[in-house]
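The structure under discussion appears below in the form of structure tokens.
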2 protein chains.
Amino acid sequence: MAVSAVLNGARTSSRTAPETRRRILEAAEKLRYRPNAAARALAERRMNTIGVAAVFERSQLNQYFLEVFNGILETAAQHDQTTTVFTLHDWEKDSARLDKFCDGRIDGLVLIAPRLTKESVAALPTHTPSVGVHANLAVPRWVNLESDEERGAYDMVKYMIELGHRRIMHLTGPRGLLGVERRVTGFKRAMSEAGLRRENTIIVEAGFTTPEGYRALRDWMKASSGQKMPQAIFCANDGVATGCMEVLAEVGIRVPSDISLAGFDDTLAARSTVPQLTTVRQPLHEMGNRAVEVLLERIEASREGKIDRAAQNIVFSTELVLRGTVAPPPSQEIVVPQI
Amino acid sequence: MAVSAVLNGARTSSRTAPETRRRILEAAEKLRYRPNAAARALAERRMNTIGVAAVFERSQLNQYFLEVFNGILETAAQHDQTTTVFTLHDWEKDSARLDKFCDGRIDGLVLIAPRLTKESVAALPTHTPSVGVHANLAVPRWVNLESDEERGAYDMVKYMIELGHRRIMHLTGPRGLLGVERRVTGFKRAMSEAGLRRENTIIVEAGFTTPEGYRALRDWMKASSGQKMPQAIFCANDGVATGCMEVLAEVGIRVPSDISLAGFDDTLAARSTVPQLTTVRQPLHEMGNRAVEVLLERIEASREGKIDRAAQNIVFSTELVLRGTVAPPPSQEIVVPQI
DNA sequence: CTGAAAGCGCTTACAG
DNA sequence: CTGAAAGCGCTTACAG
């Protein structure tokens, strides 16, 4: 008892005699004593650990994940929480495994970009507090952090239009995902507000990775040889935009003098191209920070018995980041070259 | 007892009567029973968790880390181990904290690119098995995974020389680090074997990040205005090479027709530039895989009382990855422009 | 085949 | 101010 009190310092009122205290400290030092985390966790019923679940594939090392994760690590460390990572291969199949992780080894869970279905929502852990970042659907009694992607897309496309662009392509992420559809909606809204219709609007599904961006643009160009190129391409994310840059470089179309190109997210990838990408910033790092704060609040609440039943969406604003890949359109139309 | 035996299945010989077994399973199902990980850890004296320690700064989101980490996660998951991450701000100051993490919450620790000093080596956890990846110095009784960086550098520079390059710059990482010095050594060896001396050899310290690469080349050019540009630049890593591409694009020097450029590591960054970077591949993902395997062996050994006292270095080979940024030098010398 | 008991290493009322 | 005791939820000999 005395040992526990002394060693935990502030935790309990230290009402130990100085001499006893000294002896305890001395012995602890001498023995290189370290309290055992598992035993403490068992007694206190808390691990001081939060879990992060994400799909993490070798093939698509994920800039997006890295930024959010970094924010999570930062805030977790500030609160003396350690972070453990659970990798899934596939949200559809693996969301059942989530429940297994919630076996006392973590106090709460943040799900990064989960792709949930109605069934998998039912399988979500119920005893362990959790929050989502960019979840693809609303979950009852859940907090989800998202950003105003529609607005971001709208702002970017409007900016392109103001520069004089008319014929604009949108290379989308995997259709059906909430965030993807929001970007499509923003794109369409900006186009139609400017009176630009069908013939100027090209929507092609790509994905979220650089190879997918490369493929999508290349395939479209193959199929459209001899037609007019778009004057600008608004991409699903920075990775896709990078893929586009490769295609364009290969065929000798220059960015931004011949064609404008914009990304989304503002990940490290946006600063790794030459010229650097004009993009829509989502505050991913801050969202990671916030996810942990919210989660910690929920953990605290559930400990005090007041389970927070209010579902809420926390919406972050997006921001245009103007760099080197968007410029006024060239005076002459460019024709899709033979590939 | 019976419950434990049944639920753990293979673990103990299941010698339970079918009827008892059925009842147990049924009850477990009905109650949605989940064994408590902390209690199990306490009883079994193992967490089935490995720790990963790395410096993880907001400012320099680290491609290198991401690749190694991904390999670690993969192998850990295969062995049903969870992975927890400890972030340090600074190896020098924080290596004392490492010891605190080793309080029973992890069974072993992998240190990613630790920058150790003699003092911090002494403070390294002794009871918890650990391995290093790219450690900067040899630690007694330790396993360190590294790659043949000298050879990688040598091969790349030799390749440049064979293409006809004579005046070659090496933009180094932070001087003093083992890996950095090895690359410098490989560079120098290739140069001197080819009979290229001082006047053709330009060594400038940069760092490991894109902004540092940008700064270093730009500063050098500022100070060298009117002199001859190098015909090729061999960079400390892919991030630095990306920084160089930015500078060169700004001043209108084309890669690779005017100047050749090579990176190191073959991270995602090497595939995000246009044209893609010619680089030296280190098998980072595989090194992450292997680190976990070795660590798990050591954990097992230490459990069986046979502490493995043999220090060993596991050396992976490097490999030239020829992409788009290295070509024969131009016929005319290029002069450093005024910046 | 089954169950009572001790122990893993802590924390937290509680009685002195 | 101090220490004996119970309990956190498991596993593992051990005796029946």
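The figures that follow rest on heavy atoms only: side chains count, while hydrogens, waters and symmetry mates do not. Sequence lines set the chain letters: A, B, ... in the order given, protein chains first and strands last, and positions in each chain run from 1.
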### Message
Is the phosphate of C:dT11 approached by A:Arg40 (side-chain N or O, under 4.0 Å from OP1 or OP2)?
### Response
yes
### Query
According to the interplanar angle, ranging from 0 to 90°, do the rings of B:Phe56 and A:Phe69 count as parallel (below 30°), tilted (30 to 60°) or perpendicular (above 60°)?
perpendicular
Which one, [options], comes nearest to the side chain of [X]?
| X | options | answer |
| --- | --- | --- |
| B:Arg45 | D:dC8, C:dC8, D:dC10 | C:dC8 |
| B:Ala39 | C:dG9, D:dC10, D:dC8 | D:dC10 |
| A:Ala43 | D:dT12, C:dG7, D:dC8 | D:dC8 |
| A:Leu42 | D:dC8, D:dT12, C:dC10 | D:dC8 |

For the pair made of [atom1] in [X] and [atom2] in [N], what is the distance, rounded to whole Å?
| X | N | atom1 | atom2 | result |
| --- | --- | --- | --- | --- |
| A:Asn48 | C:dC10 | CG | P | 15 Å |
| A:Glu44 | C:dG9 | CD | C1' | 12 Å |
| B:Arg22 | C:dT2 | CZ | P | 13 Å |
| B:Arg105 | C:dC8 | CZ | P | 22 Å |
| A:Arg46 | C:dG9 | CZ | P | 23 Å |
| B:Arg21 | C:dT2 | CZ | P | 11 Å |

### Message
Run A:Arg46 and A:Glu300 through salt bridge (Lys or Arg N to Asp or Glu O under 4.0 Å) and show every step you take.
### Response
CA-CA 11 Å; A:Arg46 72 140 74 200; A:Glu300 214 44 62; 3.5 Å; yes
### Query
Pairs counted as Watson-Crick or G-U wobble with both distances under 3.5 Å: what dot-bracket string results for DNA chain C, using | for bases tied to another strand?
|||.||||||||.|||
### Message
Around atom CD of B:Glu29, are there more than 12 heavy atoms from other residues, nucleotides or ligands closer than 6.0 Å?
### Response
no
### Task
Kindly compute the distance separating CD1 (A:Ile299) from CD1 (A:Ile50), expressed to the nearest 0.5 Å.
7.0 Å
#### Entry: Pairwise side-chain contact, A:Thr84 with B:Val85, heavy-atom cut-off 4.5 Å (strictly under)
no
### Query
B:Gln282: what forms a side-chain hydrogen bond (donor to acceptor under 3.5 Å, both in side chains) with it, not counting sequence neighbours?
B:His134, B:Ser147, B:Asp265
### Message
Ignoring hydrogens, what is the shortest heavy-atom contact between A:Glu67 and A:Leu268? Give both atom names and the distance.
### Response
OE2-N, 3.1 Å
### Query
Contact class for A:Arg34 vs. all strands (heavy atom < 4.0 Å): base, sugar-phosphate, or nothing?
sugar-phosphate
